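Take a look at the structure below.
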Amino acid sequence: MNARWRLLLPLLLALLSGCAMVKVQTRGPEDYLAQTRGDILSTDRLSEASQESLQVAGIAPKACLADVTACSTQLDGIDGLGDERRLATQAELWSAKAIAASKRQPLEDAAIGAWLEAARRAYAYLFFTGRTPGERAFENRQTQVRDYYNYAVARVSEAMYARWTAQTDPTTGLGTDVLAIGDWRLRTEMEGFRLPGDATRPASLTQAATLHFDGVRSTYRRDGFGAELVAEVSRTDVGDLTAGAGAASGQGQGPSHDFSEMPYAPATVLMRFEGQTLAQVLQGHQVAIVPYDPYRQNAIELHGQRVPLAGNFTAAYGLWLAHSGFARQSLRSMLGRGDGLDRPHLYLMQPFDPQRRIILMLHGLASSPEAWVNLANEIMGDEALRQHYQIWQVYYPTNMPIAWNRQQIQALVEQTLDHFDPARQAPVSSQMVVIGHSMGGVLARLLVSSSGDTLWNALLADRKLEGDRGRRVRERLQPMLQFQPLPEVDRAIFIAAPQRGTPMADGRLARLVGRLVRLPATLLNRFGEVMQDLADQDAQGKPHKAVLPNSIDNLRDTDPFVRAAADLPISPQVRYNTIIARRDPALALADSDDGLVPYRSAHLAGAESEQVITSGHSVQETAQAILEIRRILHAQMALEADAPK
């Protein structure tokens, strides 16, 4: 018997182990992420949560995907699954069906209908089940379902817009028609959303998630509910200088003023399904497509819940810069060639908001708003700064005399404020911050300075200005040489600014470039007679030759204008900061430079702070400079909060 048991025992143990129903395996981190996060949008496979739901219902996933309509109906009939589990699974199944049906472009009714069903099931899961979204806030499944909704809304919005533009007159405003997609009826509600320039319809609609930008360090967005889109309007609708040939000279078809909102606007779009109960939502076919401005609204009330809205604050800005043509145009402007600028233009980086303070940015020589790409993006990516400030960027012809540009820019800022806030009662018209880089920093300092008679006396004291000649000279030159600070500004940041000029502007290369620079005929005609009036003898009888200087002339450290302007007093109401670059930290600070601007020229006595950064002249793009500017802006906000009301 003992021998027999010794033979049977291994066989019995083998049989018993083979009957074990549960086995255990360990998983690595990649398996954990696939189990908890992977789904039809990220892996082209159903999530484990949906596969488990189908297994509980006794449905094979492969068969279900082959006929989603029948499978979804079958799931509706299974009571033990629970609303949350059933609706989440259906949302993913309809997303899978929609993805498979979306390979043909433009989307056909079947594909749009599948996206609508995916969005409806996700919407029902979020707002018409036993728990609120807040009670599921930390659940991966809710994040997945929210993504099914957001992605479906984006696809439906694009398809709806394409159909609407194909079916309607180009002058028709968005939101005036109801579109039929099978049994569905879709309408757009535009009451709470304003397009740039008060345009009535977008020229295009783009998913923000499909865009990637070279040259932009970070993409700033806010997680939440809704599809992140970018709406482009016609450039002539907003008066954009890049709208086409002749626009820079006022010959375009858009508005005649010299400011415009950026022709790209971020939009967060929701689809609202009719019904106040779960059954009504699942049976109805009326859908409202509602866009929101993510700058103005970060949350909405929906079915008794406060819902955070998604938002993308980089995509619209990046698209604008990518399509602007600034790089070519700014160089042509500096040289005075055709298709360049002949006067400044002001761009609003978002639709005007009377409640936000202004950050006014001024670029440098041969540059454009592209100089601010990462700084502006970082400011818009900072939630506190984004809520407090709006960015205005001046694009100006960098070949013009500094005095002329200063006068034009001040008039342009006042003109823009007159348009939006003529009574100067809104917060937007006070506590402005001006930031200038290089020559833009010189202009920024002049915008917050008082000239008195200093410039006039330094440049014209020894001229004979009598009779009609004196009247003509005063009429043309006094507005440029006698000025007061821009009253709306109370903070200025000067970056690598040659406040006392630079010897590099007097070098061989600079003189060669200076000879290539042409001033516009309009400017030469305007000041030609004045130059003739000044081409005379001084009080001692010595002959004078009067030549209208260009910007490179003005940047020389020997230039009479820059020498006289260097010590003009800055308004006592303005706090100011300097950011200075130096290439070689081994050199004594006083002897250093950034390759173009010496430290001695960029340094300003009385600055609230001075940050010296090891960098070349384009220091405004460095992480250190951007962090310093953000620090200054947060400090400015704190000062405003503590100020007596």
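Predicted, not measured: the structure shown is a model, and the values here were computed from it. Positions are given from 1, in the same order as the sequence printed here.
A salt bridge links Arg131 to Glu139: at least one charged side-chain nitrogen sits closer than 4.0 Å to a carboxylate oxygen. Under a 4.0 Å N-O distance rule, the pair Arg630/Asp382 qualifies as a salt bridge. Looking at Glu261 and Arg194, a side-chain N of the basic residue comes within less than 4.0 Å of a carboxylate O on the acidic one, giving a salt bridge. Using a 4.0 Å cut-off between charged side-chain N and carboxylate O, Arg121 and Asp76 make a salt bridge.
With His303 as the fixed residue, the ring pair (Phe, Tyr, Trp, His ring centres under 6.0 Å) test singles out one of Phe128, Phe225, Phe273: Phe128.
Separation of the Tyr347 and Phe259 ring centroids does not fall under the 6.0 Å cut-off.
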Run His323 and Arg235 through side chain to side chain contact (heavy atoms under 4.5 Å, CB included) and show every step you take. CA-CA 11 Å; His323 295 162; Arg235 293 170 185 256; 3.4 Å; yes
With salt bridge (Lys or Arg N to Asp or Glu O under 4.0 Å) as the test, would you mind laying out the steps for Asp109 and Arg163 before giving the verdict? CA-CA 11 Å; Asp109 283 6; Arg163 290 199 177 192; 2.7 Å; yes
Could you give me the CA-CA distance, side-chain angles and deciding distance for Arg155 and Ser102, then say whether side chain to side chain contact (heavy atoms under 4.5 Å, CB included) is met? CA-CA 9 Å; Arg155 297 305 304 269; Ser102 297; 3.9 Å; yes
For a ring pair (Phe, Tyr, Trp, His ring centres under 6.0 Å) check, start with the C-alpha distance between Tyr149 and Tyr125, then their side-chain angles and the critical distance, and finish with the verdict. CA-CA 10 Å; Tyr149 173 87; Tyr125 165 93; over 10 Å; no
In sequence, state the C-alpha distance, the side-chain angles, and the governing distance for Glu640 and His388, and then conclude on side chain to side chain donor-acceptor pair (under 3.5 Å). CA-CA 11 Å; Glu640 294 172 18; His388 192 75; 2.6 Å; yes
Decide yes or no on side chain to side chain donor-acceptor pair (under 3.5 Å) for Arg222 and Asn298, but give the supporting numbers first. CA-CA 9 Å; Arg222 180 176 62 217; Asn298 54 25; 5.8 Å; no
Dump the intermediate steps for ring pair (Phe, Tyr, Trp, His ring centres under 6.0 Å) on Tyr148 and Trp115, then the final yes or no. CA-CA 9 Å; Tyr148 305 148; Trp115 285 121; 9.7 Å; no
Run the side chain to side chain donor-acceptor pair (under 3.5 Å) test on Gln207 and Tyr151 for me, step by step, so that the C-alpha distance in whole Å, both residues' side-chain angles and the decisive distance to 0.1 Å come before the verdict. CA-CA 9 Å; Gln207 284 191 64; Tyr151 191 67; 5.0 Å; no
Check step by step if salt bridge (Lys or Arg N to Asp or Glu O under 4.0 Å) holds for Glu84 and Arg141. CA-CA 10 Å; Glu84 282 190 15; Arg141 191 54 164 163; over 6 Å; no
List the steps and the verdict of salt bridge (Lys or Arg N to Asp or Glu O under 4.0 Å) for Arg221 and Asp223. CA-CA 7 Å; Arg221 51 178 305 280; Asp223 278 334; 2.5 Å; yes
Criterion salt bridge (Lys or Arg N to Asp or Glu O under 4.0 Å) on Glu48 and Arg37, from CA distance to verdict: CA-CA 9 Å; Glu48 289 209 12; Arg37 307 283 177 83; over 6 Å; no
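Contact detail for Ala310 and Gly226: the closest heavy-atom pair is CB-O, 3.6 Å. The nearest pair of heavy atoms linking Val156 to Ile112 is CG2-O, 4.3 Å. When all heavy atoms of Val287 and Met271 are compared, the pair lying nearest together is CG1-CB, 3.9 Å. Across all non-hydrogen atoms, the minimal contact from Val145 to Ala88 is CG2-CB, 3.6 Å. Among all heavy-atom pairs drawn from Gly224 and Arg146, the shortest one is O-CD, 3.3 Å. Of all heavy-atom pairs spanning Ser330 and Ser367, the tightest one is CB-O, 3.2 Å.
Tyr264 has its side chain out of reach of Tyr317: every pair of non-hydrogen atoms, C-beta onward, lies at least 4.5 Å apart. Looking only at side-chain heavy atoms (C-beta outward), Gln305 and Leu126 stay at 4.5 Å or farther from each other. Contact annotation: the side chain of Lys97 never approaches that of Glu117 to less than 4.5 Å [non-hydrogen atoms, C-beta and beyond]. Leu65 places a side-chain heavy atom less than 4.5 Å from the side chain of Leu93. Inter-residue side-chain proximity for Trp320 and Pro263 is flagged as met; some heavy-atom pair is nearer than 4.5 Å. Put simply, the side chain of Arg357 reaches to within 4.5 Å of the side chain of Pro427, judged on heavy atoms. Looking only at side-chain heavy atoms (C-beta outward), Phe420 and Pro354 stay at 4.5 Å or farther from each other. Leu319 is not listed as a side-chain neighbour of Leu321, based on a closest heavy-atom distance of 4.5 Å or more.
Cation-pi geometry between Arg201 and Tyr161 is not satisfied (NZ or CZ under 6.0 Å from the ring centre, within 45° of the ring normal).
The salt bridge (charged side-chain N to carboxylate O under 4.0 Å, His left out) check on Asp147 picks up nothing, with sequence neighbours excluded.
For the residue pair Asn377 / Thr314, a side-chain donor-acceptor distance below 3.5 Å is found, with atom types taken as modelled. When only modelled atom types and interatomic distance are considered, Gln142 and Arg136 share a side-chain donor-acceptor pair under 3.5 Å.
One finds the CD1 atom of Ile391 at 8.0 Å from the CD atom of Gln350 (value rounded to the nearest 0.5 Å). Rounding to the nearest 0.5 Å places CG of Leu348 at 7.0 Å from OG1 of Thr416. Remark: Thr268 OG1 to Tyr295 OH distance equals 11.0 Å, nearest 0.5 Å. Here the CG-CG distance, from Leu75 to Leu54, works out to 6.0 Å after rounding to the nearest 0.5 Å. The distance from the SG atom of Cys71 to the CD1 atom of Ile59 is 4.5 Å, given to the nearest 0.5 Å.
Under a cut-off of 6.0 angstrom, the local environment of CZ in Arg45 is sparse, with at most 12 non-hydrogen atoms contributed by other residues, nucleotides or ligands.
With hydrogens and angles disregarded, no donor-acceptor distance shorter than 3.5 Å links the side chain of Gln297 to the backbone of Pro294.
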